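Fair warning: this is a prediction, and the values are worked out from it, not measured in the lab.
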Amino acid sequence: FKRVSQLRTGPSISNDILQSATKSLLIALFAILVYVTFRYEFSFALGAILAICHDVLMTLGIFFMWGGELSAPVMAAVLTIIGFSINDTIVIFDRIREDLKLGLLASFTEIMNGAIGKTLSRTIITSGTTLLAAGSLFLFGGGAINAFAFTLLAGVVTGTFSSIFIAGSLVLWKNKGEKPKLADETVITQHSISTVSYTHLRDHETREDLRWRMIVEEKKRWGGGGG
């Protein structure tokens, strides 16, 4: 056989890769912390950051158990997983915030479970198509791309798991099961429904029908629901 090329990574290069990767991860986590805190509140940011830390540690753990070696493509895959995971988490958080602002007559746990259920099909489809793409790279890419593809495979699985089961649970734990301050921004409350005059009721319409009609009209006024 003829040797086409040979690639060696010395200790100094490995150290540079590790330092650059660590700096990139810290910057990404800080940016996510600031963004989620301003978009929602700190408890949501804490849940998102801890879920991402879970994803990174689990992904790297699975990768090293597979026998992989740390490299620039692997760290690029880890950063990609961070973006993938936070995107899934934000979709669920958006649904939670929307339901909180609608003043639904349910506990925070019920609202959170409902939000996860409403976005579950979207999460499964997104993760499934990403797994198909990463699996194709792993099976047919060969060479240096294998480590990148395997990291993506492990990261998509752990990221999907954390978005569904970890991020929301941490928010619930941080708020001790109580509704967060986002609920104070409720667009339609039970009090606003109870004070509505019966003259607002249409023919054969109950107060509960009126409540849901007002919710739908308010959602349209605010631009509709999230994805």
Side-chain angles (χ1 to χ4, degrees), residues 25 28-29 32 35-36 39-40 43-63 65-66 68 73-74 76-102 104 106-141 145-175 177 180 182 215-216 219 223-227:
L25 287 174
L29 290 177
I32 291 171
Y35 168 75
V36 178
R39 184 176 175 88
Y40 305 97
S43 62
F44 285 78
L46 180 65
I49 292 298
L50 292 179
I52 289 174
C53 290
H54 161 273
D55 299 339
V56 172
L57 293 176
M58 287 294 293
T59 300
L60 290 178
I62 295 172
F63 176 74
M65 289 178 62
W66 177 65
V74 171
V78 171
L79 290 173
T80 303
I81 290 304
I82 290 177
F84 175 88
S85 178
I86 193 62
N87 178 68
D88 257 2
T89 303
I90 288 298
V91 169
I92 296 174
F93 283 178
D94 267 341
R95 179 66 67 172
I96 293 172
R97 181 180 64 173
E98 178 183 309
D99 288 347
L100 285 172
K101 287 188 175 183
L102 288 178
L104 300 181
S107 66
F108 190 30
T109 302
E110 293 171 335
I111 289 176
M112 185 169 293
N113 287 335
I116 293 174
K118 292 172 186 175
T119 57
L120 187 59
S121 60
R122 181 259 178 208
T123 301
I124 292 175
I125 291 172
T126 302
S127 301
T129 52
T130 306
L131 282 174
L132 287 175
S136 299
L137 283 177
F138 180 72
L139 293 175
F140 308 111
I145 199 74
N146 268 16
F148 176 85
F150 184 85
T151 308
L152 278 183
L153 284 172
V156 168
V157 173
T158 57
T160 302
F161 176 84
S162 70
S163 296
I164 297 174
F165 297 105
I166 295 181
S169 299
L170 290 171
V171 176
L172 192 66
W173 167 78
K174 175 64 177 175
N175 288 283
L182 286 174
I215 288 176
V216 171
K219 286 180 67 175

From Ile86 CD1 over to Ile32 CD1, what is the distance, rounded to the nearest 0.5 angstrom?
5.0 Å
Inter-residue atom distance Ile124.CD1 - Thr129.OG1, 0.5 Å rounding:
12.0 Å
Are Leu100 and Phe108 close enough that some pair of their side-chain heavy atoms sits under 4.5 Å apart?
yes
How long is the straight-line distance from CE of Met112 back to CG of Asn175, given to the nearest 0.5 Å?
7.5 Å
Could you check if a side-chain atom of Thr158 sits within less than 4.5 angstrom of a side-chain atom of Ile62, using non-hydrogen atoms only?
yes
Ser85 (side chain) donor-acceptor with Ile82 (main chain) under 3.5 angstrom:
no
Step by step, would you call Asp94 with Arg97 a side chain to side chain contact (heavy atoms under 4.5 Å, CB included)?
CA-CA 5 Å; Asp94 267 341; Arg97 181 180 64 173; 3.3 Å; yes
What's the shortest heavy-atom distance between Ser163 and Thr89, and which atoms?
OG-OG1, 3.2 Å
Can you confirm whether Thr119 sits close enough to Ile164 that some side-chain heavy atom of one is under 4.5 Å from a side-chain heavy atom of the other?
no
If we only count heavy atoms from C-beta on, is the Thr123 to Val91 side-chain gap below 4.5 Å?
no
Applying side-chain hydrogen bond (donor to acceptor under 3.5 Å, both in side chains) to Thr151 and not counting sequence neighbours gives none
Atom CD1 of Ile92 and atom CD1 of Ile116: how far apart are they, to the nearest 0.5 Å?
5.5 Å
With salt bridge (charged side-chain N to carboxylate O under 4.0 Å, His left out) as the rule and sequence neighbours excluded, what pairs involving residues 76-93 come up?
Asp88-Arg122
Ser127 meets the side-chain hydrogen bond (donor to acceptor under 3.5 Å, both in side chains) criterion, sequence neighbours left out, with Thr160
Please check if atom CH2 in Trp173 has more than 12 non-hydrogen atoms from other residues, nucleotides or ligands closer than 6.0 Å.
no
Provide the closest heavy-atom pair for Asp99 versus Lys118 in the form atom of the first, atom of the second, distance.
OD2-NZ, 3.1 Å
Any side-chain heavy-atom pair of Leu46 and Leu170 under 4.5 Å:
no
Nearest heavy-atom neighbours spanning Phe93 and Ala167
CZ-CB, 4.1 Å
Closest non-hydrogen atom pair between Asp55 and Ser162, with its separation
OD1-OG, 2.8 Å
Nearest 0.5 Å please: distance from the CD1 atom of Ile125 over to the CG atom of Leu120.
9.5 Å
One pair to check against side chain to side chain contact (heavy atoms under 4.5 Å, CB included): Leu152 and Phe84. What are the steps and the verdict?
CA-CA 10 Å; Leu152 278 183; Phe84 175 88; over 6 Å; no
Locate the shortest heavy-atom distance separating Ile96 from Ala115; write the atom from each residue and the value.
CG1-CB, 3.4 Å
Quick check: closest heavy atoms across Val171 and Phe44, and the distance to 0.1 Å?
CG2-CA, 3.7 Å
CA sep, side-chain torsions, deciding dist, call: Tyr40, Ile90, side chain to side chain contact (heavy atoms under 4.5 Å, CB included)
CA-CA 10 Å; Tyr40 305 97; Ile90 288 298; 3.6 Å; yes
Take Val78 and Leu60, measure what side chain to side chain contact (heavy atoms under 4.5 Å, CB included) needs, and give me the verdict at the end.
CA-CA 8 Å; Val78 171; Leu60 290 178; 3.8 Å; yes
